Amino acid sequence: MASLTLRGINKRYEETEVMKNVNLDISDGEFVVFVGPSGCGKSTLMRMIAGLEDISAGDLMIDGTRVNELPPAKRGIAMVFQSYALYPHMTLYDNMAFGLKLAGEKKPAIDAAVKNAAKILHIDHLLDRKPKQLSGGQRQRVAIGRAITRKPKVFLFDEPLSNLDAALRVKMRLEFARLHDELKTTMIYVTHDQVEAMTLADKIVVLSAGNVEQVGTPNQLYHAPANKFVAGFIGSPKMNFLNGTVTQVMSDGVLVKYATGETQLVAVEPGPVKVGDAVTVGIRGEHLHAGTAATVEHGVSSTTMAVESLGDAAYLYAETPVAPDGLIARIPPLERHARGETLKLGATPEHCHLFNAEGQAFKRKIIEVLSAA
Amino acid sequence: MASLTLRGINKRYEETEVMKNVNLDISDGEFVVFVGPSGCGKSTLMRMIAGLEDISAGDLMIDGTRVNELPPAKRGIAMVFQSYALYPHMTLYDNMAFGLKLAGEKKPAIDAAVKNAAKILHIDHLLDRKPKQLSGGQRQRVAIGRAITRKPKVFLFDEPLSNLDAALRVKMRLEFARLHDELKTTMIYVTHDQVEAMTLADKIVVLSAGNVEQVGTPNQLYHAPANKFVAGFIGSPKMNFLNGTVTQVMSDGVLVKYATGETQLVAVEPGPVKVGDAVTVGIRGEHLHAGTAATVEHGVSSTTMAVESLGDAAYLYAETPVAPDGLIARIPPLERHARGETLKLGATPEHCHLFNAEGQAFKRKIIEVLSAA
Amino acid sequence: MSHPVTATPSVPVLDTVKRAIPGIFAWFFAILLFFPIFWMTITAFKTEQQAYASSLFFTPTLESFREVLARSNYFGFALNSVLISLGVTVICLLLAVPCAYAMAFFPTKKTQKVLLWMLSTKMMPSVGVLVPIYLLWKNTGLLDTVTGLIIVYTLINLPIAVWMAFTYFNEVPRDILEAGRIDGATTWQEIIYLLMPMSLPGLASTGLLLVILSWNEAFWSINLSSSNAAPLTVFIASYSSPEGLFWAKLSAASLLAVAPILIVGWLSQKQLVRGLTFGAVK
Amino acid sequence: MSQLNPPMTEHYAESAAERDKRRAKSVRWLISPSTGLLFLWMAIPLAMTIWYSFSRYNLLNPDVKGFAGLDNYHFLATDPAFGPSIGHTLTLIGSVLAITVIGGVLLAVLFDRKFIGQGIARLLVIAPFFVMPTVSALIWKNMILHPVYGLIAQGMLALGMQPIDWFAQYPLFAVIIIVAWQWLPFAFLILFTAIQSLDQEQKEAARIDGAGPFAMFFFITLPHLKRAIAVVVMMETIFLLSIFAEIYTTTGGGPGTATTNLSYLIYSLGLQQFDVGLASAGGILAVVLANIVAFFLVRMLAKNLKGEYES
Amino acid sequence: ATTVTVATLNNPDMIELKKLAPAFEKANPDIQLKWVILEENVLRQRATTDITTNSGQFDVVTIGTYEAPLWGKRGWLSPITGLPASYDLDDVVKTARDGLSYNGQLYALPFYVESSMTYYRKDLFQAAGLKMPDQPTYDQIKQFADKLTDKSKGQYGICLRGKAGWGENMAFVSTVVNTYGGRWFDENWKAQLDTPEWQKAVGFYADLLKTDGPPGASSNGFNENLTLMSSGKCAMWIDATVAAGMLYNKSQSQVADKIGFAAAPVAVTPKGSHWLWSWSLAIPKTSKSQDAAKKFIAWATSKEYIEMVGKDEGWASVPPGTRKSTYARPEYKQAAPFGDFVLKAIESADPNDASLKKVPYSGIQFVGIPEFQSFGTVVGQSISGVVAGQTTVDAALKAGNATADRAVKQAGYQK
Ligand SMILES: Nc1ncnc2c1ncn2[C@@H]1O[C@H](COP(=O)(O)OP(=O)(O)OP(=O)(O)O)[C@@H](O)[C@H]1O
Ligand SMILES: Nc1ncnc2c1ncn2[C@@H]1O[C@H](COP(=O)(O)OP(=O)(O)OP(=O)(O)O)[C@@H](O)[C@H]1O
Ligand SMILES: [Mg+2]
Ligand SMILES: [Mg+2]
């Protein structure tokens, strides 16, 4: 168990800078998830922490000690790879015991550590098998077991579930939560699946092109994204973005006018916003109501493109010039809409987000609720 | 465009019978999805339709003509493979033109067909590239393009999206829907992802161990599964199953008693059920309410294991001896429950399913709504 | 309905015949290619008189084997062959594995050139450099020693071994080595505990190829060995054109020289079929 | 597996050097034992050979010594057999390559399907690879191609034909046959492994596209084998450049100089008369020829081999 | 114990020597023999490299009449001196001894000695109504061969050496050239291969082989011809006298009782019409076991050894041509009807007077200079090309002449 501190971490490959001045504090026992689109530097950052990658500039501290130059094995970390990276020629037992053997541990100590890890992960009956004889989920567990036996101060997981099928992913996700509950070790977890991030993290770090976009709890990110990037990245389906201009600034919010002439009231603290500023309204699919001009006060008229039924709910895909990426609304499961049908889509002011031209979010009125949570 | 009829289709590999007497009618222009767990015979069935696999017994008819002995190229079908199976040494253009070239088409005709397909799939700017230089989604499109150029009467897709990441999968899924809308060709689609099945299909065929379990529209399968297998297979998270015995048979439903002594009223047509029969109650996660004995009338007391917040909702995982697989309930996003907390979980009678000891479903009262849909 | 019925019975028959054709051709070529070896084998069991008769029917005799074994110390030659082949294989692998490891996992811009250069040393014609090598070996006392031959063969075959190992290592996932590094493995531990066991099939087929190549090498063995270190190629050199009727004896001697390696090759052919890719299969 | 994520491995290969410089540096020396030894093996004899090639040095006649200038090269280059020997070397390599590659592909295709006794047939096919060159030359010369006792001759006699005297009438062809026989299994092994790695789904896709056996072969199988063929060509060329034992045992370079390749010419001019100077000059010329061939070979194959060394 | 490494070739007489050698080791328990048995060409190459580079790998090497004086002159061989009286050096045939000496000093002991002669099939001659004279001419040989050739039956009138090599086809061709009055070089070391004598001789030889010889003649050497002759494919064969022992040996020859013999044919002159060759045992200067080696070669070429072979293998198979005493033995006379004939041929073969015109070198079927190995083989290749039908006599000889000329010029013989 340990705290981690990253100060001005920088990484360049010859010409290109892939990590730009990353600062981050991870407290002892925290479960931190790095998310971000592919290529944003999640793996690179993690590999720098592991010691598999040189740090170009900045300080990496574990428990207050600078470890930039320490070899991986000496940092007290353990890593679980996306491909599991099990040693294919060793039994599970040997896979898990390998690190301890190399460290010169005594047989009984090794045995105890391996048995213990195997018990935690419910794989004690498989110890004689080789990785090939296991299912995907079991392999994943062995990879974790190998990390556990080392009794590391920090666990690093690089997209540990991305090779598993959906059902197993859900199961293993729960297992990670349980594991963290049991071990209480600091864990850093890389994923680009935001469901994993939302469900597992104490703290999510959203990365984009080598920059930290926002650090916060899942709920903070979901309900109070700092900018458009985070807002769009967290949540599924993606948040809907509608372009408009400010037409009125009120104490309880801002009135935005779309190019169609329709409006949307947004409950945010207006700050320095001026009438005429270009802004973007963000509304999550589950908050977008579909109706007619009569039933929906604020909103934009759109053309229905498709309705996808998922059983418990349905998604309505619609198009409007105001939203370049289209709109997705979550609607009740048995509601029908024909392709081409015109609907008015809008949301209550409290459910809307607002971003300025630079993509920075306005403070939402409901933010107090979240700070309490 | 064509209709397909399968009559008593049987397939055996030496000793083992992998398809058992499959009967199926697919009308012209229908989008049919085969789903089922791994190894249930989805691919085999599709490959028999394609002509890549011999049919051991039964008749396969396309547009009323028996085609059992026809070679693949003559059946008027096109197939898209899970691995794409692009020809790595040919440019996209050649990949798509290959079938037509072999068929001896004239240059201009080939050119027109390829260009047209490329336009439909938005890959017209890539025609000179080789498959290696493409991203996964682009490759997938080429594979589809190759199928389109052949102007087939039936499209066959074998898990076409399973190699793509989640985001791309959603995107391509919509593309398939669009494609079917545009081409209006009969399509058969294999997947084990039930979201794909639910969103794409006109008709879903659920297979299990070489048997057809149920054929129906997505809504029919979701709301009126014919048996426990289909009920458990369709829908995410999985339907919750609670074991109990019938204690009372009423005109408006059946009262089921759990081993805990608690009860659940289920609104089904009782049919020949008797008091004392062992039954299973099925309740989907979104219908499971969490409360206390005071607030929830029918239900079972369970221990909370975890709560996963997904932003727009949260999943509550709970355990009770009555449900061997555990319970999952969808709860409001910001609701908190501590691990170990005891909750009573239940549902309104209309939202419950009931299965007899053989796993066959009782007819639900709400079934009329669906038949209308 | 009835049309297909008349056609049905003939289709499977035609089909079976059609399907059998490639197999028949394959067998034909297999037998054709093996025939010389088969002929050598049966000639070895003939008498000299019969050997010229080209007949398949004869009473087998071990006469030629008896003569060959009496005439030269077959087992001495064979022992040298075994020692040399194994020695070469072991040393070659010991040298090639670290080299290929460094090349595969820590490549530089020069790696490709170095590899090609290594291969190009193999193109040096032995005949041209015999005298320099002979003089070197004489002056260092390596003439007619097993060590001397092992050194030459090792150097001749090293490029092939490096290349093969290199292509196998290229297929080993980097992740696994990194996992080892996190587990605290040093470079050598990485090679010995992780890399070698994982590329075992590839290394085995490399080893096999090395055994085969050194077993069959004739030029250097004949020139650099005389009595103490002479392997089976030298043994064969004393049969290549003796006076008089000699085909049965020649065949017997040849069979004795070829059989061990042929059997080893056959037993390990699965390994060879899988492993002899030189990176051609991706 | 690598099929699925080639960018992954490439990306790693690319980054490896920078990613772990410290380790890289400490690991780099692992190359040196091999390269060092090979360098010595290359350099010392080569230096001696170059030196001798400019000297008068005949083992049998120690009286003749001193600096020879370019005499040895001149003598060699004006030898009437010199030009033809290069031609023969190239013809031999070319023909053997053609036979083994075409034959190897054919066999690989035949063996790609299941048939009765496939395992045993495969053993038979690869057997020639294990036979010593000397032995195979002896078998072919004495028992198969011999104009009087050889099986072919006896077969032809039995059919009432005049037997062909292979080593007199078609000497180079006979040598080519023997060498090709030895190397065909090698080509087969590599091509067979390669053909088995052909994606089944790709074949099925082609079947649905309407490809018959021939279209399948030319448009799918053959392009798939390109890389393997390149490897076979490269490996065999390396070995075939210095073919010696087969010629020595069967024809002794004759009749005339009909089967004298460069290796054999060096042997007959140099070793047979123990003229070290001459042999060395020949050796140097052969190294030059080998490098020319290697140069073209590498250029020809570079594209195919790229993925492998790309740093 | 002292180890003596013996490098020898793989012909039956040497194999027999190896087989009987344990008797020597038994008699000399402090000497241990090691054998390196190689095919002739390989042996020559190995022995030469070893001796010329002073590597000292061999204590006894098997060399021929060609090498012994050359190497002796270079000081690479230990002179053979101080043989015990019981060895009876004078019993050894003089021409053989002379052939192995340089400046009167003996450098090797002959293990067996051969000349050349004509073998023929008595039965075939009889059937065709022909008669072989004791001393045939080449014209007669041609007539007989034409008559006795029946290719459809696999019956060939004559077998001759055709395989390229100074010790293979050129040994025979040189004797033909000699008897046609030709020579390799004139007194001034000018090559004479483009003279009419050579053209006639080679033309005759090639034509004879092409019309009446077996297929594949251009790759037949002594061994191949022996095989052909003893399996009954040839009606005549002109080759080494040692073949007699094998052709008469029933276990090796299918025509043992049908073989007749005559002298090697002549044309213009009898000079040099049959050759002289001996395989002999010599001791390299570099050997570290000189005494033991000498003991061994003395034993291997002794009367006792010949007696041992006679008892073991039969008298017909004893190493021929070395000792007059052998030919005096009644056992041998009886077993080898050709004995006297062979001895006469050997005794009458004079390496120093082997051509009609004067020559600056010694040797009958070779030119006694080191360079001969090389140009002899090159010329041999051209001539085997003629036999194979690849070049003409003219072209071959012109090229051969240039080669020979160049070789002696380069070595400095030609002033
Ligand atoms: N060649 C074969 N020989 C024997 N059994 C086979 C063969 N091919 C497939 N099977 C069996 O047939 C059954 C159906 O296989 P199929 O590939 O159709 O499954 P699937 O539903 O497509 O599974 P997945 O979702 O994993 O692709 C499996 O149990 C499989 O083991
Ligand atoms: N060796 C290298 N040389 C140059 N650029 C590199 C190297 N390795 C990685 N990069 C770049 O660094 C950036 C970050 O890569 P990284 O692997 O950390 O992304 P990631 O967030 O893990 O992506 P993914 O989700 O796809 O795994 C990428 O743009 C990548 O192209
Ligand atoms: Mg990554
Ligand atoms: Mg499948």
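Here the structure is a predicted model, which is why all the values come from computation and not from measurement. Just so we're on the same page: letters track the sequence lines, and every chain starts at 1.
- At a threshold of 4.5 Å between non-hydrogen side-chain atoms, the residues A:Lys101 and C:Asp183 do not count as touching.
- Counting all heavy atoms, side chain and backbone alike, A:Pro88 lies closest to C:Met198 at CD-SD, 3.2 Å.
- Note that the CE atom of A:Met79 and the CG atom of C:Asp175 stand 8.0 Å from one another [nearest 0.5 Å].
- For a residue to count as touching a neighbouring chain, one of its non-hydrogen atoms must lie under 4.5 Å from one of that chain's; by this rule A:Leu86 touches chain C with the backbone only.
- Atom OH of C:Tyr193 has 12 or fewer neighbouring heavy atoms from other residues, nucleotides or ligands inside a 6.0 Å radius.
- In plain terms, the two heavy atoms of A:Phe81 and C:Glu178 that are nearest each other are CE2-OE1, 3.7 Å.
- Judged by distance alone, the side chain of A:Tyr87 and the main-chain N or O of C:Pro197 form no donor-acceptor pair under 3.5 Å.
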* Asked: How far apart are the C-alpha atoms of A:Arg75 and C:Ile182, what are their side-chain angles, what is the distance that settles it, and do they pass the side chain to side chain contact (heavy atoms under 4.5 Å, CB included) test?
  -> CA-CA 9 Å; A:Arg75 296 190 181 192; C:Ile182 288 184; over 6 Å; no
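- From C:Glu190, atom CD reaches atom CG of A:Leu102 across 10.5 Å, with rounding to the nearest 0.5 Å.
- Atoms CG and CZ, from A:Leu52 and C:Arg174 in turn, are 14.0 Å apart once rounded to the nearest 0.5 Å.
- Of the possible polar contacts, none joining the A:Arg146 side chain to the C:Ala179 backbone as a donor-acceptor pair under 3.5 Å is found.
- Atom CZ of C:Phe35 sits in a crowded spot, with more than 12 heavy atoms from other residues, nucleotides or ligands closer than 6.0 Å.
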